[in-house]
Amino acid sequence: MSEDRTAETNESRSFQDRVFARFDTIDDRFERIAGRLGSVEIRIGKLEDRQYDTKPIWEKALAAIAETNTALLAGFDEFRRQVESINATLDSMDAKFEALSDKVEAGSNRLHVDLEDGLRGVERKIDVLNKNILELQADQRYVDSRLEKIESKPS
């Protein structure tokens with residue numbers, strides 16, 4: 001199993017020639033890579049040129065977007081202020097309606113009490129009138145019966 005590796009390294013070329021050949025191979029590779037990089041750089045340059053061509057458009061678009069955002073925020077702030085104003089007005093009206101409701105309820109209760117008192121007074125007066133009418137009717141019957149007795153006597 002012994003391999004003779006020395007036979008592989010024994011070439012007709014010298015060590016220096018082989019090293020320089022390797023360097024030449026590496027140089028060729030670098031040149032191919034540099035050629036590829038050059039085309040990549042050209043492409044990148046073209047893309048950068050396009051970017052510079054569209055940069056003013058994007059700057060205008062971004063400025064317009066920022067202006068729109070500012071206008072929207074201002075509109076939302078105004079809307080918020082108006083809603084808060086409406087809420088404050090509604091709260092004020094609610095307090096006024098509550099106070100008015102309390103006054104109406106108090107007036108209604110007072111009216112109910114006054115009405116009940118008035119009806120009791122009328123009821124008492126009707127009772128007195130009924131009693132008076134009954135007494136008058138009784139007196140009228142007495143007078144009628146006396147008048148009949150008087151008229152029935154011979155003269």
Side-chain angles (χ1 to χ4, degrees), residues 5 8 18-155:
R5 292 186 173 214
E8 294 175 12
R18 285 183 294 175
V19 169
F20 286 131
R22 287 273 186 168
F23 281 139
D24 289 340
T25 305
I26 292 172
D27 280 343
D28 289 342
R29 285 184 183 169
F30 279 139
E31 284 177 14
R32 279 183 289 181
I33 291 172
R36 289 182 191 154
L37 286 176
S39 68
V40 169
E41 287 177 357
I42 291 171
R43 288 182 184 171
I44 290 173
K46 288 180 181 178
L47 289 174
E48 286 176 346
D49 290 344
R50 286 185 192 160
Q51 177 187 2
Y52 291 127
D53 290 344
T54 61
K55 190 172 183 178
I57 296 170
W58 279 108
E59 287 174 349
K60 288 178 185 176
L62 290 174
I65 290 169
E67 183 180 325
T68 302
N69 284 343
T70 303
L72 282 174
L73 290 174
F76 285 140
D77 287 341
E78 178 61 26
F79 180 73
R80 227 178 264 117
R81 280 192 294 275
Q82 288 178 357
V83 167
E84 288 172 358
S85 172
I86 290 170
N87 283 339
T89 302
L90 289 175
D91 289 344
S92 172
M93 289 175 66
D94 188 40
K96 289 177 183 177
F97 283 135
E98 192 173 314
L100 183 61
S101 175
D102 291 344
K103 286 180 183 179
V104 167
E105 186 176 344
S108 173
N109 289 339
R110 190 172 50 244
L111 181 63
H112 181 71
V113 168
D114 290 346
L115 182 62
E116 280 187 17
D117 289 345
L119 288 176
R120 283 192 194 112
V122 169
E123 184 180 12
R124 284 191 302 269
K125 289 177 183 176
I126 289 174
D127 283 343
V128 169
L129 283 173
N130 279 337
K131 183 178 174 189
N132 288 340
I133 290 174
L134 286 174
E135 286 177 4
L136 280 174
Q137 285 179 345
D139 288 344
Q140 180 68 36
R141 284 190 183 149
Y142 175 74
V143 169
D144 285 344
S145 70
R146 293 260 328 199
L147 185 61
E148 275 183 30
K149 283 184 184 176
I150 294 176
E151 288 179 351
S152 58
K153 282 187 182 179
S155 5

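The CG atom of Asp144 lies 12.5 Å from the NZ atom of Lys149; values are rounded to the nearest 0.5 Å. Between the CZ atom in Arg146 and the CG atom in Asp139 there is a gap of 12.5 Å [rounded to 0.5 Å]. One finds the CD atom of Gln140 at 13.0 Å from the CD1 atom of Ile133 (value rounded to the nearest 0.5 Å). Rounding to the nearest 0.5 Å places CG of Asn87 at 11.5 Å from CG of Asp94. Rounding to the nearest 0.5 angstrom, the gap separating the CG atom in Asp24 from the CZ atom in Arg22 is 12.0 Å. The NZ atom of Lys96 sits 12.0 Å away from the CG atom of Asp91 when rounded to the nearest 0.5 Å.
Under a 3.5 Å cut-off, the side chain of Ser101 and the backbone N or O of Phe97 do not form any donor-acceptor pair.
Taking 4.5 Å as the limit, some side-chain heavy atom of Arg81 sits within range of a side-chain heavy atom of Glu78. Glu123 is not listed as a side-chain neighbour of Leu119, based on a closest heavy-atom distance of 4.5 Å or more.
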Per-pair distances, 0.1 Å, donor-acceptor, side chain in residues 62-77, under 3.5 Å, sequence neighbours excluded:
unit_1 : atom_1 : unit_2 : atom_2 : d
Thr68  : OG1    : Ala64  : O      : 2.8
Thr70  : OG1    : Ala66  : O      : 2.9
Asp77  : OD1    : Arg80  : NH1    : 2.8

Less than 3.5 Å apart, which donor and acceptor atoms pair up between the side chains of residues 106-113 and the rest of the protein, not counting sequence neighbours?
unit_1 : atom_1 : unit_2 : atom_2 : d
Asn109 : ND2    : Glu105 : O      : 3.4
His112 : NE2    : Glu116 : OE2    : 2.6

